[in-house]
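In this chain, numbering begins with 1 at the start of the sequence shown.
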Amino acid sequence: MTMRWIVPFKGRNNTGVYNQNFVWNDGHLYVMDNHRAAAWCWAQHVDPATSHALVHIDRHNDTLQSQLGSWLKALPNGIPATIEAYLAATYPMDFGADGMLFRWDNYLSIYFALYGRAVKHAYFATHGEGDKPNHAHVTQLDPVALLAFLTGALGQVRLPVVLNIDLDYFFGPTYDDVAERILDDVYFDQVATAIAALDRAGTFRVITIALTATDDLTAGWAPAEALATRLCHALGRNFTLP
């Protein structure tokens, strides 16, 4: 497999709602700092008109719908073909200016609105933060149920599967504005091992991993990078940032 930078590394800068500091790719695996690029990555591997399933492991639902109608009007042809066009896409805001279309909390609601009929089932392991998913067939998984699902039922799903992970899932409340781990390395390694086994079995059509490297969500770049490297290693990939 060939490793490449879809978005070249710009440095360990603030991520925030819109900034995209990198997107790294190796085969069907993508790693990024900002989750907003995920839907473009999926479109490179999944025909949105073909039935598939989606697994979303994230502290947040990422299904903001406050301006969904306006966002969809700006996407008459669906997901833009190039990463440059995707990240630069805008929509007209109510007060006349243009706003960035894809955010770190709306890319999934947009994907469901565009292609939800093809997503036959969505499995959500989240902390329940954000708008309720705009999809009719969502199974909610707590941490115990997620691990059981990864080691059991998911292997029986007979559809291409999109696996979408935000490392902030493993963190929780902040202390002095820095997020604290609530799911430890033992649990993380169990999840990573289960994901790697499923990947070797060909379960996943595409995997996206977001660092969300902010102090209040993952305690910053260093902890997020360490977890990303650890997960990629389980998947047989060597991921490191310059």
Side-chain angles (χ1 to χ4, degrees), residues 1-45 56-60 62 79-89 100-108 162-171 174 176-181 183-185 187-189 191-193 195-196 199-200 204-242:
M1 297 182 185
T2 302
M3 293 178 286
R4 60 181 179 144
W5 296 98
I6 303 295
V7 175
F9 184 63
K10 300 175 183 177
R12 292 170 178 81
N13 307 307
N14 178 57
T15 294
V17 179
Y18 302 109
N19 292 344
Q20 195 77 51
N21 288 298
F22 77 93
V23 178
W24 177 92
N25 168 239
D26 187 352
H28 67 294
L29 171 66
Y30 296 80
V31 183
M32 62 202 71
D33 68 306
N34 191 325
H35 226 159
R36 70 186 288 250
W40 181 87
C41 301
W42 306 338
Q44 309 314 299
H45 298 266
H56 179 65
I57 302 171
D58 194 313
R59 177 171 172 171
H60 308 88
D62 292 354
I79 298 296
T82 69
I83 189 65
E84 294 80 10
Y86 176 96
L87 294 176
M100 299 300 296
L101 203 162
F102 291 101
R103 303 161 44 109
W104 66 358
D105 55 3
N106 75 350
Y107 67 93
L108 185 48
V162 172
L163 176 61
N164 188 45
I165 304 170
D166 193 323
L167 296 174
D168 67 3
Y169 177 73
F170 301 94
F171 294 79
T174 60
D176 286 343
D177 297 322
V178 177
E180 295 187 320
R181 281 285 295 276
L183 297 169
D184 63 16
D185 283 344
Y187 179 83
F188 183 88
D189 288 341
V191 168
T193 298
I195 287 171
D199 194 44
R200 289 193 297 271
F204 302 121
R205 184 64 55 87
V206 58
I207 301 172
T208 45
I209 302 170
L211 274 67
T212 312
T214 65
D215 288 349
D216 60 329
L217 294 175
T218 57
W221 278 91
E225 285 181 59
L227 288 183
T229 298
R230 192 172 187 147
L231 179 52
C232 288
H233 183 265
L235 290 165
R237 308 304 212 288
N238 181 27
F239 167 75
T240 55
L241 291 176

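Side-chain contact check for Leu227 versus Phe171: some heavy-atom pair is nearer than 4.5 Å. Between Cys41 and Met32 there is a side-chain heavy-atom pair separated by less than 4.5 Å. The shortest side-chain heavy-atom distance between Phe204 and Leu29 does not fall under the 4.5 Å cut-off. Taking 4.5 Å as the limit, every side-chain heavy atom of Gln20 sits out of range of all side-chain heavy atoms of Ile83. Counting only heavy atoms from C-beta outward, the side chains of Asp215 and Asp177 never approach each other to under 4.5 Å. Contact check for Ile57 versus Leu163: side-chain heavy atoms found under the 4.5 Å cut-off. Looking only at side-chain heavy atoms (C-beta outward), His28 and Asp199 come within less than 4.5 Å of each other.
Smallest separation of non-hydrogen atoms from Ala219 and Ala179: CB-O, 3.5 Å. Closest non-hydrogen pair, Pro223 versus Gly220, comes out as CD-O, 3.4 Å. In terms of heavy atoms, Leu231 sits closest to Phe188 at CB-CZ, 3.9 Å. Heavy atoms only, all atoms of each residue included: Ala37 and Tyr86 are closest at CA-CE2, 3.7 Å. Looking at every heavy atom in both residues, Ala228 comes nearest to Leu167 through N-CD1, 3.6 Å.
Side-chain atoms of Asn25 come within 3.5 Å of backbone atoms of Gly27 as a donor-acceptor pair (strictly under, hydrogens ignored). Checked by atom type and distance alone, the side chain of Trp40 pairs as donor or acceptor with a backbone atom of Ala81 at under 3.5 Å. Here the side chain of Asn19 pairs a donor or acceptor atom with the backbone of Asn14 at under 3.5 angstrom. Between the side chain of Thr218 and the backbone N or O of Thr212 there is at least one donor-acceptor pair closer than 3.5 Å. With hydrogens and angles disregarded, a donor-acceptor distance shorter than 3.5 Å links the side chain of Asn34 to the backbone of Gly16.
Here CZ of Arg237 is found 7.0 Å from CD1 of Ile207. Values are rounded to the nearest 0.5 Å. Leu235 CG to Thr193 OG1: the interatomic distance, rounded to the nearest 0.5 Å, is 10.0 Å. To the nearest 0.5 angstrom, Thr2 atom OG1 is 7.5 Å from Asp26 atom CG. A distance of 9.5 Å separates CG of Asn21 from CG of Leu241, quoted to the nearest 0.5 Å. Rounding to the nearest 0.5 angstrom, the gap separating the NE2 atom in His233 from the CZ atom in Phe239 is 14.0 Å. The distance from atom OG1 of Thr15 to atom CZ of Arg36, rounded to the nearest 0.5 Å, is 11.0 Å.
Side-chain contact of Asn164 with Thr208: a donor-acceptor pair under 3.5 Å is present, judged by distance alone. Under the 3.5 Å distance criterion, with hydrogens and angles disregarded, a donor-acceptor pair is assigned to the side chains of Asp168 and His60.
Within a 6.0 Å sphere centred on CG of Asp184, other residues, nucleotides and ligands contribute more than 12 heavy atoms.
Relative orientation of the Phe22 and Trp221 rings is tilted, given thresholds of 30° and 60° on the angle between their planes.
Ion pairing between Asp33 and Arg12 fails under the 4.0 Å rule for side-chain N and carboxylate O.
Two rings, from His35 and Tyr107, have their centers less than 6.0 Å apart.
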For this session: Start with the C-alpha gap between Val191 and Leu183, add the side-chain angles, then the distance that decides, and say whether side-chain contact (heavy atoms from CB on, under 4.5 Å) holds.
Result: CA-CA 11 Å; Val191 168; Leu183 297 169; over 6 Å; no
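In this structure, Arg59 forms no cation-pi arrangement with Tyr169, as its terminal cationic atom is not both closer than 6.0 Å to the ring centre and no more than 45° off the ring axis.
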